[in-house]
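Reckoned from all heavy atoms, side chains included, excluding hydrogens, waters and symmetry mates.
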Amino acid sequence: PEGFLWGTATAAFQIEGGWDSGEKGPSIWDWFSHLPNSVPWGDVAADSYHKYKEDVQMNVDTGVNTYRFSISWPRLFPDGTNSTINQYGVDYYNNLINELKANGIEPYVTLYHWDLPQKLKERYGGWVNDSMVELFDNYARFCFATFGDRVKYWATFNEPWSFVAALGDFNYDPDFSMRYKMAHNVIRAHARTWHSYDDDFRSSQNGSVGIVISSMWGEPADIHSPADREAATAYMEFFFGWFANPIIGNGDYPAVMKRMVRENRLKQNQTSPLPEFTDDEMAYNNGSTDFIGINTYTARIISATNDTQTCHPDNHNFATACGYMPDIMGVKETVGPGWFWLGSNIFWFAPWNIRGILHFVRERYSYTKPLYLTEVGIGEPYKYHGSPSLNDTWRMCFYMTYANEALKAVKLDGIDLRGFFAWSLLDNVEWGSGVDLAFGLHHTNFTHPSRTRTPKRSQGLYKAIARENGFPENANHSWLARQWWEWCHSEMAYAPTRHGYVEPTENVQPTEEAPSPAPSAASKGKSLMFTGLVGILVILLGIGIPRYYM
């Protein structure tokens with residue numbers, strides 16, 4: 001649609017570097033990366049603190065109209081409070097925002113992408129402390145007042161499930177009770193911040209404030225089995241609904257989550273550690289967003305098990321979310337037969353994941369506000385690289401197939417999807433994995449002091465998609481997608497992501513001759529993706545079209 005946002009995405013800790021430059025305070029990730037046996041890749045990262053103009057030019061060269069980045073809380077407030085404001089940090093983000101605006105690129109800003117000020121962790125224990133609600137609101141208000149005249153898209157938090165359930169602020173929390181408290185304060189902080197903007201900034205700045213929630217799509221193993229459907233619903237409620245239901249549902253935690261936590265803890269002679277919202281808080285939470293951003297990469301197959309059992313994964317070589325859902329019961333998580341994994345055993349090829357989760361959000365919550373796909377991407381194990389080949393055909397396939405599903409969600413399903421962001425603009429520091437996973441459209445040379453960047457082949461493909469706002473029928477990249485379509489749905493296309501950069505052999509290398517101006521009838525017959533309504537077809541891949549459920 002007109003006005004659709006095509007962008008790239010990054011995060012402060014992952015690209016900025018300058019970890020102690022310009023009076024910046026340390027974050028919990030700076031603390032972690034300086035522990036014994038850790039490698040402090042974040043000290044320099046991709047050096048975007050000094051190379052922000054190059055970052056902006058890379059976005060210009062990629063043809064995008066928006067750039068999603070995060071502000072580092074401790075770069076603005078070194079101790080996490082507004083008692084000390086770091087002007088160097090203010091200048092850095094002003095310069096970045098102004099450079100983007102001067103080049104016609106819309107800033108899409110995340111206020112919190114996991115880099116909690118270390119001083120707040122030491123003083124308060126992090127998000128487990130109720131004081132964090134006001135502290136975050138103070139920080140957000142400063143950002144609105146300082147940058148809001150130019151920033152029209154604000155995300156309060158990026159993936160709270162990830163930094164709460166999977167990370168836990170690096171707290172020792174064997175029974176998960178601290179994580180439930182952390183999540184409670186994150187939700188309260190989000191609602192407080194949205195209301196602050198709504199009350200004091202919206203009328204003058206005319207921007208929007210939302211939240212970015214991550215989730216894999218949980219597909220019922222048997223759509224005709226009520227038990228599998230219930231299990232898949234529980235999986236989605238513990239994953240997505242934990243943070244979505246209080247904001248776009250009824251203001252409270254999902255009913256199935258409250259019940260399962262209570263029943264599982266009762267079996268252990270414990271009371272439920274899940275905090276309760278008051279009636280006033282539920283009313284305050286409900287509707288406190290202008291949009292929902294969704295970070296989604298992959299899917300899982302969910303089936304029912306004995307109700308007395310907590311969630312457990314199938315015996316398969318994949319990373320499970322079950323380990324971070326200790327109170328969900330009667331659920332088994334696995335991947336589909338014939339799926340192939342993409343560089344990390346977290347990510348398995350499942351492009352229909354896009355339509356599944358978008359449809360779920362709309363139907364489950366009767367949601368009518370804008371949606372954005374704020375992270376979609378594929379990585380490969382950088383540690384196996386020698387001199388990198390930039391011929392990342394697997395990433396080209398990934399964006400062809402995943403962007404196609406996003407367009408089908410708009411054109412076929414009527415989803416109010418407003419944007420698609422590639423993760424990531426450039427190879428960066430992937431948190432605890434360091435630089436061992438590469439997700440970028442640009443290669444970052446982490447062995448070079450100046451962190452030189454080089455566009456990969458996928459950057460050209462993504463540029464064409466962004467520039468043409470999808471897949472117009474006669475565009476060169478649409479022709480290329482038709483030629484590659486079958487190959488892109490085969491394991492051969494993604495084998496290099498598991499073994500480093502390996503050039504496809506002659507017998508699997510897709511062709512890429514220049515297309516004729518008008519594709520032939522035979523070529524049109526193979527087409528699987530166009531922006532126009534007539535040209536979009538539904539593919540049957542793996543287990544087929546997402547079988548939506550409620």
Side-chain donor-acceptor pair under 3.5 Å between Asp280 and Thr278, yes or no? no
Just checking, any donor-acceptor pair under 3.5 angstrom between side chains of Asp198 and His195? no
Any idea which heavy atoms bring Val209 and Phe291 closest together, and the distance? C-CE2, 3.8 Å
How about Tyr365 and Phe360: do any of their side-chain heavy atoms sit closer than 4.5 Å? yes
Test item: side-chain donor near acceptor, Asn158 and Asn295, under 3.5 Å: yes
I want to check something: taking the side chain as every heavy atom from C-beta on, are Asn285 and Ile187 in contact at a cut-off of under 4.5 Å? yes
Output yes when a side-chain donor or acceptor of Tyr108 lies under 3.5 Å from a complementary backbone atom of Gly7, and no otherwise. no
Is there a side-chain contact between Thr110 and Ile71 (heavy atoms, below 4.5 Å)? no
Does one side chain, of Asp79 or Thr84, offer a donor that lies under 3.5 Å from an acceptor on the other? no
Answer with yes or no whether the side chains of Asn250 and Asn286 bring together a donor and an acceptor at under 3.5 Å. no
Are there over 12 heavy-atom neighbours, none belonging to Tyr88, within less than 6.0 Å of that residue's OH? no
Phe13 vs Trp29 aromatic rings, parallel, tilted or perpendicular, using cut-offs 30° and 60°? tilted
Decide yes or no on salt bridge (charged side-chain N to carboxylate O under 4.0 Å, His left out) for Glu263 and Lys267, but give the supporting numbers first. CA-CA 6 Å; Glu263 291 177 356; Lys267 291 188 296 184; over 6 Å; no
Taking atom CD of Gln87 as the centre, does the number of heavy atoms from other residues, nucleotides or ligands within less than 6.0 Å exceed 12? yes
Hey, does Phe32 have a side-chain heavy atom less than 4.5 Å from the side chain of Ile28? no
Asn138 and Arg141: side-chain donor and acceptor closer than 3.5 Å? no
Aromatic contact, Phe420 with Tyr402 (centres under 6.0 Å): no
Taking the side chain as everything from C-beta on, heavy atoms only, tell me whether Met236 gets closer than 4.5 Å to Trp242. no
Just checking Lys369: does its NZ atom have more than 12 heavy atoms from other residues, nucleotides or ligands closer to it than 6.0 angstrom? yes
Have Thr8 and Asn59 got a donor and an acceptor in their side chains that come within less than 3.5 Å? yes
Can you confirm whether Tyr49 sits close enough to Ser21 that some side-chain heavy atom of one is under 4.5 Å from a side-chain heavy atom of the other? yes
Between Glu106 and Tyr67, a side-chain donor and acceptor under 3.5 Å: no
Does Lys53 have more than 12 heavy atoms from other residues, nucleotides or ligands lying within 6.0 Å of its NZ? no
Is a side-chain donor-acceptor pair under 3.5 Å present for Tyr112 with Trp127? yes
Can you tell me how the ring of Tyr52 sits relative to the ring of Tyr92, calling it parallel under 30°, perpendicular over 60° and tilted otherwise? perpendicular
What class does the angle between the rings of Phe239 and Tyr235 fall in, given that below 30° is parallel, 30 to 60° is tilted and above 60° is perpendicular? perpendicular
Is the number of heavy atoms from other residues, nucleotides or ligands within 6.0 Å of CG (Asp20) greater than 12? yes
Would you please say whether a donor-acceptor pair under 3.5 Å links the side chains of Arg75 and Asn86? no
Are any of the side-chain heavy atoms of Thr62 and Leu441 separated by less than 4.5 Å? yes
Do you know the tightest heavy-atom contact between Leu135 and Leu120? CD1-CD2, 4.0 Å
Side-chain H-bond candidate by donor/acceptor type, Asp200 with Ser196, under 3.5 Å: no
In terms of ring plane angle, is the pair Trp114 and Phe163 parallel, tilted or perpendicular, where the classes change at 30° and 60°? tilted
Distance-only donor-acceptor check, side chains Glu430 and Ser433, under 3.5 Å: no
For Asn94 and Arg150, does a side-chain donor sit closer than 3.5 Å to a side-chain acceptor? yes
Candidate pair Arg300 and Glu219, rule salt bridge (charged side-chain N to carboxylate O under 4.0 Å, His left out), full reasoning: CA-CA 6 Å; Arg300 293 292 186 265; Glu219 175 78 9; over 6 Å; no
Value for OG (Ser214) from CD1 (Ile357), rounded to nearest 0.5 Å, stands at 8.5 Å
Beyond-backbone contact of Trp154 with Cys143, side-chain heavy atoms, under 4.5 angstrom: yes
Near-ring test Trp341/Phe347, centroid separation under 6.0 angstrom: no
Do you know which two heavy atoms are closest between Leu425 and Asp55, and how far apart they sit? CD2-O, 3.8 Å
How are the rings of Tyr93 and Phe69 set relative to one another: parallel (under 30°), tilted (30 to 60°) or perpendicular (over 60°)? parallel
Considering all heavy atoms of both residues, which atom of Lys258 and which atom of Tyr253 are nearest to each other, and what is their separation? CD-O, 3.6 Å
Within a 6.0 Å radius of atom CD on Gln270, are there more than 12 heavy atoms belonging to other residues, nucleotides or ligands? yes
Taking every non-hydrogen atom, the tightest pair across Ala299 and Ala350: CB-CB, 3.9 Å
Asp279 and Met282: CA distance, side-chain angles, deciding distance, side-chain contact (heavy atoms from CB on, under 4.5 Å) verdict: CA-CA 5 Å; Asp279 289 345; Met282 285 190 284; 3.3 Å; yes
